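Because the structure is a prediction, the values reported are computed rather than measured.
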Amino acid sequence: MGHLDHAAFGWLTPVLSYAMACVGAALGLRCTVRALGATGRSRRNWLITAASAIGTGIWTMHFVAMLGFRVSGTEIRYDVAPTVLSLLVAMIVVCAGVFAVGYGRDRTRALLLGGLTTGLGVASMHYLGMAAVRLHGDVTYDPVLVGLSVLIAVVAATAALWAALNIKAPAAVTVASLVMGAAVSSMHYTGMLAVRVRVTPAGDALPGATAMQFVFPLAVGLGSYLFLTSAFVALSPTAGEREASASAQRPVETAAR
């Protein structure tokens, strides 16, 4: 069995990955709050932004954490196609869950359906990402820990969507995003604890790209997207602010007439 190191760079990758999960969760929650206060095309656009933020945050969290993953006796590479597929799955399934909440008439049913869908999407993203790992050996999983990681993903997703429906204050959203980030990180590392690797030494070159060749640049790009989108959302006026601005303009227009 190869020795697995989940934090080859010390606390750097766990802390940075947790930060990315929190940013994605906070942005997703804020966008969902904006969506619930909007109608028509505006609601749809906010929900798409929310889904992309949550999906991007989760995917970036996973692969930033994977930068610290090492197995003694073998190098690690990543197959590009499954890695990109894991990102698409995260986006699409999270989008389905967010839309279920954003357009569902029965809030409780929509929350349960959205939480289940989103949680299974998070878990699918994680294990698709792991399927992209290429190393000299065989990878197996502890089924109990795999089941626990999936359960954590579903509970975390349901809690995040509940927060989006019920928490409006920025401070409360911040706390909720910190909790969501911790839950996503817990799901990731629980899933990683399930990994067992039997190394088979070989001289053949592994297919795929190294983490620094592919995963790191993509994670940096997606992280930049999160921070830029966060700035846009922070500067975008809320529905309440737009109404207040419109109310302030009405007396001025009346006086001018």
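Looking at S72, its side chain does come within 3.5 Å of a backbone N or O of H3 through a donor-acceptor pair. Panel note: side chain S42, backbone A38; no donor-acceptor pair is recorded below 3.5 Å. A donor-acceptor distance shorter than 3.5 angstrom exists from the side chain of S86 to the backbone of T83, with no hydrogens or angles considered.
Closest of all the heavy-atom pairs between Y78 and T210 is CD1-C, 4.5 Å. Between L193 and L145, the closest heavy-atom pair is O-CD1, 3.6 Å. For the pair A53 and G28, the tightest heavy-atom approach, listed with the atom from each and the gap, is CB-N, 4.0 Å. Of all heavy-atom pairs between M187 and A153, the closest is CG-CB, 3.8 Å. Shown here for T32 and A50, the closest heavy-atom pair between the two residues is OG1-CB, 3.5 Å.
There is no path of hydrophobic side-chain contacts, each under 4.5 Å, that joins I92 to M61. By the criterion of side-chain heavy atoms lying less than 4.5 angstrom apart, applied directly or through intervening Ile, Leu, Val, Met, Phe, Trp or Tyr residues, L29 is grouped together with Y103 in one hydrophobic cluster. When the side chains of ILVMFWY residues are joined at heavy-atom separations under 4.5 Å, either directly or via intervening members, W59 and V93 end up in two distinct hydrophobic clusters. Using a 4.5 Å cut-off between side-chain heavy atoms of Ile, Leu, Val, Met, Phe, Trp and Tyr, with links allowed through other members, L47 and W162 fall into the same hydrophobic cluster. The same ILVMFWY cluster, assembled from side-chain heavy atoms under 4.5 Å apart, contains both I54 and M91.
Taken to the nearest 0.5 Å, the NE2 atom of H136 stands 5.0 Å off from the OG1 atom of T74. Residue T49 holds its OG1 atom at 8.0 Å from CG of L27, rounded to the nearest 0.5 Å. Rounding to the nearest 0.5 angstrom, the gap separating the CG atom in L206 from the CZ atom in R77 is 6.5 Å. The structure places OG of S185 at 10.0 Å from CE of M180, a figure rounded to the nearest 0.5 Å. In this structure, CD1 in I58 is found 12.0 Å from CE in M20, a value given to the nearest 0.5 Å.
The closest side-chain heavy-atom distance from Y189 to S17 is below 4.5 Å. A 4.5 Å side-chain heavy-atom check between V71 and V199 finds at least one atom pair inside the cut-off. In this structure, L87 and F63 have side chains that are not in contact, with every pair of non-hydrogen atoms separated by 4.5 Å or more. For the pair R70/L4, no side-chain contact is recorded, criterion being any heavy-atom separation below 4.5 Å from C-beta on. Annotation: side chain of Y18 is in contact with side chain of C22 (closest heavy-atom distance under 4.5 Å).
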Donor-acceptor contacts, no H, no angles, side chain residues 124-135, under 3.5 Å, sequence neighbours left out:
unit_1, atom_1, unit_2, atom_2, d
S124, OG, L120, O, 2.7
H126, ND1, H62, ND1, 3.2
Y127, OH, S149, OG, 2.7
R134, NH1, A131, O, 2.7
R134, NH2, D79, OD2, 3.1

Between R196 and V139, is the side chain to side chain contact (heavy atoms under 4.5 Å, CB included) condition met? List the steps. CA-CA 6 Å; R196 303 288 184 270; V139 178; over 6 Å; no
Determine, step by step, whether L116 and T158 satisfy the side chain to side chain contact (heavy atoms under 4.5 Å, CB included) criterion, reporting the C-alpha distance in whole Å, the side-chain angles of both residues, the deciding distance to 0.1 Å, and the verdict. CA-CA 7 Å; L116 178 63; T158 304; over 6 Å; no
Evaluation steps, side chain to side chain contact (heavy atoms under 4.5 Å, CB included), between W46 and V98: CA-CA 10 Å; W46 278 118; V98 169; over 6 Å; no
As a quick check of understanding, evaluate side chain to side chain contact (heavy atoms under 4.5 Å, CB included) for F69 and T13, giving each step before the final call. CA-CA 9 Å; F69 179 60; T13 50; over 6 Å; no
